[in-house]
Amino acid sequence: MVSRVIPVDTFDLVIFGGTGDLAHRKILPGLYRRFVAGQMPEDARIIGAARSDLDDEQYRTDVRAALMEFVDRRLHSEEHFAAFLSRLHYVAIDARGDHGWKSLHELMRDGVVRAFYFSVAPALFGDLAERLHRHEIADEASRIVVEKPFGRDLASARALNATLAQHFDETQIYRIDHYLGKETVQNLMAVRFGNVLFEPLWNSQYVEHIQITVAETVGVAGRGSYYDKSGAMRDMVQNHLMQLLCLIAMEPPSRFDPDAVRDEKLKVIRALEPVDPADIVRGQYRRQGDIAAYTDDVEDLDSRTESFIAMKLHVSNWRWAGTPFYIRTGKRLRARQSEIAVVFKDAPHSIFGASAGRHRNILTIRLQPNEGMTLGVTIKEPGPGGMRLIDVPLDMTFADALGPDNDEVPEAYERLIMDVVRGNQTLFMRGDEVEAAWAWTDPIIEGWQSRDDRPLSYEPCTSGPEESAMLLHRENRRWREIRE
Ligand code: BG6
């Protein structure tokens, strides 16, 4: 395959929390993959910063172990490991004290992009931002990257935004939602706005309903203390599913530029109607055989946090009035399957008569696994026997389209980190978007709390509680199957 890797400017990337789980699993493996793809400039440097007292060599050993574990074996190479690790440095730092900041100041170079990844608890964001300035490490050209959870309600998100705004301009703040870095998610914009075929039909006149599913097989063991305070609503819906919904529902931006795209997404969030409690199904997985129950995983037998949620939403504007959006996400479901399905209306009149049955065009956008898109179209069943109609998929599976050698397709994190270095905020959430998403989420959660709502229990390895199916059945619709 011809290399399509576009080099980026050289950089000093400081990862606060550089010995943490996210750095090990996602950030450093992502950077390594970009390095192997040839995208990292010769003299780019990565500086881990954390509390532990390590030197450069010890940090390199720590990162090497992470690469061995979290990078695909096909990319393991002693030569690449050595060259990548030689770009790594380490500073032991106290986020709330003075230790280490002078060393970091001395390490940073002038004339290169400076980016600071806050892979730490949000409670430390303010301390880091303030010290970066006090020690003259960050300037008006520097960028900071922050992770979710970005607040746990509107008030805390506002407070976080205000803290960051004391030290950094909005154009310097990169709020990561890794779903926006997924290949298919970006392709969704290419398909909608790069073709003449879809956009004229992309409205309530032709779209019967839309489904967004993010199903996972994993449970929450090991991260129960975080998850139990969040639940599926805060952990997945307020950010990942909301972003997917925005990209599906938004008006065409005038340009593919950060503010044009984010302005349109914001309008969608603000057009979301409050949700009727009868249109929400919350679930919690129970024990089954060797699979522990949610309440065991979080070590709270009385937990009322949801590990599954399904909802019916309405975007109240001219384009979408009357077209429901059904969204669902959950842990310990039958399969890991994330997809968006745009279900088009029936043809207004069937010239083939009732015996031809009902056929609908469905555009399925698969985020994972097996990324790609499928458009179901109706054709005549080949051969003799009269006019019988069948549905066949027009299939664009990316792996097939790109050929077997598609390792160059970057994963979400690596793409987003390179966008930080490029200074492109299009795929990052703006502060007002995050706040608007919480403004919509808060009353829903408060409603559960005031009603003392208990999630329904569901069996692991299924599609969630039966009531989730009912949400659609009662309107003569059906979820697409979650398949192994
Ligand atoms: C994270 C959530 O943001 O996204 C996790 O905190 C979830 O609970 C994960 O498992 C899903 O990401 P992906 O890329 O595996 O679909």
Side-chain angles (χ1 to χ4, degrees), residues 1 4 25-26 29-30 33-34 36-37 70-75 177-192 194-195 197-198 209-219 232 236 239-241 243-245 247-248 308 310 325-344 360-379 390-416 427 460-464 468 478-484:
M1 181 186 255
R4 293 184 303 261
R25 276 173 193 276
K26 298 284 184 190
R33 280 174 54 98
R34 290 294 83 207
V36 174
F70 298 113
V71 168
D72 188 308
R73 287 187 69 82
R74 286 174 303 166
L75 294 183
D177 182 315
H178 78 280
Y179 266 58
L180 290 177
K182 291 187 189 265
E183 180 72 14
T184 322
V185 174
Q186 293 174 72
N187 222 316
L188 177 55
M189 286 190 272
V191 164
R192 275 195 69 189
N195 296 288
L197 273 186
F198 297 105
H209 74 276
I210 290 176
Q211 302 186 8
I212 302 177
T213 297
V214 178
E216 298 184 276
T217 51
V218 290
M236 298 292 288
N239 37 80
H240 305 325
L241 277 86
Q243 290 295 322
L244 297 180
L245 184 133
L247 296 178
I248 285 277
F308 174 97
F325 287 71
Y326 297 94
I327 66 172
R328 64 178 165 168
T329 181
K331 308 277 185 206
R332 284 267 184 255
L333 297 181
R334 185 176 298 125
R336 179 168 189 251
Q337 179 180 320
S338 299
E339 64 168 41
I340 301 167
V342 181
V343 181
F344 290 93
R360 274 190 173 163
N361 299 118
I362 302 179
L363 176 68
T364 315
I365 302 146
R366 292 187 306 275
L367 273 65
Q368 57 206 22
N370 201 16
E371 295 128 296
M373 299 196 192
T374 306
L375 177 63
V377 289
T378 304
I379 60 163
I390 51 167
D391 292 328
V392 293
L394 282 183
D395 196 347
M396 215 216 31
T397 300
F398 297 156
D400 298 344
L402 295 167
D405 181 21
N406 67 348
D407 282 347
E408 279 185 42
V409 177
E411 284 174 6
Y413 268 93
E414 56 200 88
R415 182 195 311 274
L416 294 174
L427 299 175
C461 308
T462 63
S463 306
S468 149
R478 210 186 312 153
W479 284 114
R480 291 173 53 77
E481 242 180 277
I482 299 177
R483 282 202 217 114
E484 271 175 85

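- Heavy atoms only, all atoms of each residue included: Q211 and R478 are closest at NE2-O, 2.8 Å.
- Contact check for I210 versus V343: no side-chain heavy atoms found under the 4.5 Å cut-off.
- Residues passing the ring pair (Phe, Tyr, Trp, His ring centres under 6.0 Å) test with F344, sequence neighbours excluded: none.
- Annotation: the span from I365 atom CD1 to M373 atom CE amounts to 5.5 Å, rounded to 0.5 Å.
- Separation of atoms CD1 (I248) and CD (Q243) is listed at 12.5 Å; rounding is to 0.5 Å.
- Looking only at side-chain heavy atoms (C-beta outward), Y179 and M236 come within less than 4.5 Å of each other.
- Listed here is the closest heavy atom pair of G372 and T184: O-CG2, 4.1 Å.
- Residue pairs meeting the salt bridge (charged side-chain N to carboxylate O under 4.0 Å, His left out) criterion with at least one member in residues 331-342, sequence neighbours excluded, are E216-K331, D235-K331, E339-R480.
- Counting only heavy atoms from C-beta outward, the side chains of I340 and L367 approach each other to under 4.5 Å.
- Residues satisfying the side-chain hydrogen bond (donor to acceptor under 3.5 Å, both in side chains) criterion with R360, sequence neighbours excluded, are D346.
- Of all the heavy atoms in A232 and T329, the pair that sits closest is CB-CG2, 4.2 Å.
- One distance of note links NE2 of H178 with CZ of R415; it measures 12.5 Å at 0.5 Å rounding.
- For the pair F198/V342, no side-chain contact is recorded, criterion being any heavy-atom separation below 4.5 Å from C-beta on.
- Here K26 does not pair with E411 in a salt bridge; the nearest charged N to carboxylate O distance is not below 4.0 Å.
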Kindly determine whether N187 and K182 satisfy side-chain contact (heavy atoms from CB on, under 4.5 Å), including the steps that lead there.
CA-CA 9 Å; N187 222 316; K182 291 187 189 265; over 6 Å; no
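- The side-chain heavy atoms of T213 and I482, taken from C-beta on, include a pair separated by under 4.5 Å.
- Inter-residue side-chain proximity for V191 and Q186 is flagged as unmet; no heavy-atom pair is nearer than 4.5 Å.
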Tell me, with the steps shown, if H240 and V214 meet side-chain contact (heavy atoms from CB on, under 4.5 Å).
CA-CA 9 Å; H240 305 325; V214 178; 5.9 Å; no
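- Heavy-atom minimum distance, I362 versus A341: CG2-CB, 4.2 Å.
- Listed by chain and residue number, R366 satisfy the salt bridge (charged side-chain N to carboxylate O under 4.0 Å, His left out) test with D395 (two or more places apart in sequence, or in another chain).
- By the ring pair (Phe, Tyr, Trp, His ring centres under 6.0 Å) test, H209 is found to be paired with Y326, residues two or more places apart in sequence or in another chain being considered.
- In plain terms, the two heavy atoms of A215 and L333 that are nearest each other are CB-CD1, 3.7 Å.
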Evaluate the criterion side-chain contact (heavy atoms from CB on, under 4.5 Å) for residue pair I390 and I379; output intermediate values, then yes/no.
CA-CA 6 Å; I390 51 167; I379 60 163; 3.9 Å; yes
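- A donor-acceptor pair shorter than 3.5 Å can be found between the side chains of W479 and S468.
- With sequence neighbours excluded, the residues satisfying side chain to side chain contact (heavy atoms under 4.5 Å, CB included) with E481 are R483.
- Contact record, N361 with T378: ND2-N, 4.2 Å, taken as the closest heavy-atom pair.
- Taking the side chain as every heavy atom from C-beta outward, L394 and V392 never approach each other to under 4.5 Å.
- At distances below 3.5 Å, at least one donor-acceptor pair connects side-chain atoms of R192 with backbone N or O atoms of L247.
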